Amino acid sequence: MAEQIHQDAFDILALKAALARTPFAQNLHFYPTIHSTNTLLMQQADAGAPEGTVYFADEQTAGRGRGAHSWESPPGSGLYVSILLRPRIAPADVLWLSLAAGLAVREAVKQVASLEADLRWPNDLLLGPKKFCGILTELNAEVTRVRHLVVGIGINVHQEQFPKELSHLATSLHIETGKHWPRQELLVALLKALYREANDLATNLPQATQSILARLEQSSSWIKGKRVHVDEGECYTGTTAGLDSRGFLFVQTAAGLRTVLSGGVRALE
Ligand code: BTN
């Protein structure tokens with residue numbers, strides 16, 4: 001069945017005004033349809049696009065997720081946004097920024113829709129057991145210097161249903177609340193929160209990472225004590241045991257403590 005399109009247009013002038021105190025206000029680019037906001041923004045970053053450039057779209061025809069997955073991006077349904085940052089942090093610390101982006105989305109969803117989302121390491125936001133937001137952070141760096149990074153965020157907002165193969169995994173803000181939350185308000189709250197997080201990391205990294213860790217431990221059921229299945233090519237099971245000093249997830253297995261570097265973490269049934 002075709003996705004029902006809910007009228008929820010963006011007002012660029014109002015967006016600019018709401019974001020006036022951030023570097024995003026002068027660099028907002030809306031696309032009615034695009035292949036992928038992340039793909040285009042990574043290309044434009046190479047070509048010198050300014051820090052704070054934001055691409056957002058009503059529809060993506062080739063939306064990308066982590067690990068070469070696709071991201072369903074039907075028109076009028078979700079918030080699809082990519083943000084270009086050139087943070088003065090080491091490449092090894094970029095994971096903290098990506099984790100902070102998850103906290104920024106959580107904060108935005110709380111402000112706008114009064115929902116308390118769970119955060120599944122590293123970057124999924126869940127309501128109950130189902131995912132409604134994913135984050136794809138892509139990096140262009142030398143070993144010691146970040147040239148630029150693009151944080152790409154997809155939030156399921158207005159979807160009323162998902163294809164059968166996704167319906168046990170995916171949800172939307174509308175499915176969870178029965179209401180249509182405005183994408184514009186989510187975008188403003190999200191960009192303001194992300195700006196604060198990026199600023200904190202650039203000005204006082206140790207303090208910012210402590211704060212991210214504390215907030216994750218408070219708001220995510222996945223950081224400690226969760227029985228999980230990990231798929232990193234090799235699969236294993238264990239219990240989550242906090243984050244290491246770089247932000248990677250520890251999992252205690254029968255064979256010892258392991259660090260999840262890349263893989264998908266799923267709850268053990
Ligand atoms: C994931 O959970 O796998 C990450 C999904 C990220 C999707 C967003 S939508 C905006 C941006 N453009 C893309 O092509 N991907 C990200």
Side-chain angles (χ1 to χ4, degrees), residues 3 8 10 15 24 27-46 49 52-85 94-95 97-106 108-109 117-127 129-140 148-159 162-163 165-166 168-173 183-184 186-187 190-191 194 220 222 230-232 249 260-267:
E3 184 68 44
D8 179 25
F10 292 99
L15 265 179
F24 307 127
N27 295 302
L28 294 164
H29 302 266
F30 172 69
Y31 297 87
T33 183
I34 191 173
H35 50 301
S36 155
T37 53
N38 256 50
T39 303
L40 186 65
L41 192 48
M42 282 297 280
Q43 287 164 1
Q44 294 306 309
D46 279 336
T53 299
V54 177
Y55 287 0
F56 61 111
D58 189 57
E59 172 188 31
Q60 294 185 118
T61 53
R64 293 188 297 113
R66 290 178 55 237
H69 290 287
S70 58
W71 185 260
E72 290 302 311
S73 312
S77 299
L79 181 59
Y80 318 119
V81 56
S82 298
I83 303 113
L84 169 59
L85 299 172
V94 164
L95 177 55
L97 186 52
S98 195
L99 295 170
L103 286 165
V105 175
R106 187 179 189 278
V109 168
D118 198 0
L119 282 153
R120 178 171 60 198
W121 187 92
N123 265 154
D124 293 338
L125 280 97
L126 312 181
L127 289 165
K130 295 185 182 179
K131 174 169 167 176
F132 72 97
C133 170
I135 301 177
L136 173 66
T137 302
E138 297 188 281
L139 180 63
N140 181 323
H148 55 257
L149 65 83
V150 168
V151 183
I153 299 170
I155 305 181
N156 299 332
V157 182
H158 298 307
Q159 284 91 338
F162 287 89
E165 64 278 11
L166 280 182
H168 62 297
L169 297 172
T171 192
S172 70
L173 299 182
R183 291 179 297 180
Q184 171 123 349
L186 285 165
L187 181 57
L190 163 58
L191 289 174
L194 185 65
S220 166
W222 292 77
V230 182
D231 181 355
E232 300 198 279
L249 183 67
V260 185
L261 293 175
S262 61
V265 177
R266 297 285 171 270

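All figures in this text were calculated on a predicted structure; none of them were measured in a lab. Indexing begins at 1, ligand by ligand and atom by atom, following the structure's order.
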Walk me through it: do S70 and R64 pass the test side chain to side chain donor-acceptor pair (under 3.5 Å)? CA-CA 4 Å; S70 58; R64 293 188 297 113; over 6 Å; no
Can you list the atoms of ligand 1 that are under 4.0 Å from a heavy atom of G65? 1 (C), 3 (O), 4 (C), 5 (C)
Pair R183-D58, salt bridge (charged side-chain N to carboxylate O under 4.0 Å, His left out): steps then yes or no: CA-CA 10 Å; R183 291 179 297 180; D58 189 57; 2.9 Å; yes
Between CD1 on residue I135 and OG on residue S98, distance to nearest 0.5 Å: 6.0 Å
Pull out every atom of ligand 1 sitting under 4.0 Å from any heavy atom of D124, numbered as shown with elements. 2 (O)
Shortest non-hydrogen separation from L127 to A117 and the atoms involved: CD2-CA, 4.0 Å
Can you measure from CG (L149) to CG (L41) and round to the nearest 0.5 angstrom? 10.0 Å
Which pair of non-hydrogen atoms, one from I34 and one from A57, has the smallest distance, and what is that distance? CG2-CB, 3.6 Å
Could you state the interatomic distance from NZ (K131) to CG (L125), rounded to the nearest 0.5 Å? 9.0 Å
Atom 15 (N) of ligand 1: nearest protein contact (heavy atom, Å): R64 O, 2.7 Å
Quick check for you: to the nearest 0.5 Å, what is the distance between T171 atom OG1 and L126 atom CG? 10.0 Å
Pull out every atom of ligand 1 sitting under 4.0 Å from any heavy atom of S36, numbered as shown with elements. 12 (N), 13 (C), 14 (O)
Identity and separation of the nearest protein heavy atom to atom 9 (S) of ligand 1: Q60 NE2, 3.3 Å
Shortest protein contact, atom 5 (C) of ligand 1 (heavy atom only): W71 CE3, 3.4 Å
Find all atoms of ligand 1 within a distance of less than 4.0 Å from any non-hydrogen atom belonging to G63, and give their numbers and elements. 14 (O)
Suppose we measure from atom 1 (C) of ligand 1 to each protein heavy atom; which comes out shortest, and what is that distance? R66 N, 3.5 Å
For T37, atoms of ligand 1 separated by under 4.0 Å from a heavy atom: 10 (C), 11 (C), 12 (N)
Could you tell me which atoms of ligand 1, counted from 1 in the order shown, lie closer than 4.0 angstrom to a heavy atom of S82? 11 (C), 12 (N)
Taking the six-membered ring for Trp, are F56 and F10 parallel (under 30°), tilted (30 to 60°) or perpendicular (over 60°)? perpendicular
re atom 2 (O) of ligand 1, the protein heavy-atom contact at minimum distance is K131 NZ, 2.6 Å
Relative to the heavy atoms of I135, which atoms of ligand 1 are at a distance of less than 4.0 Å? 2 (O), 4 (C)
Which ligand 1 atoms, with their elements, are less than 4.0 angstrom from a heavy-atom of V81? 10 (C)
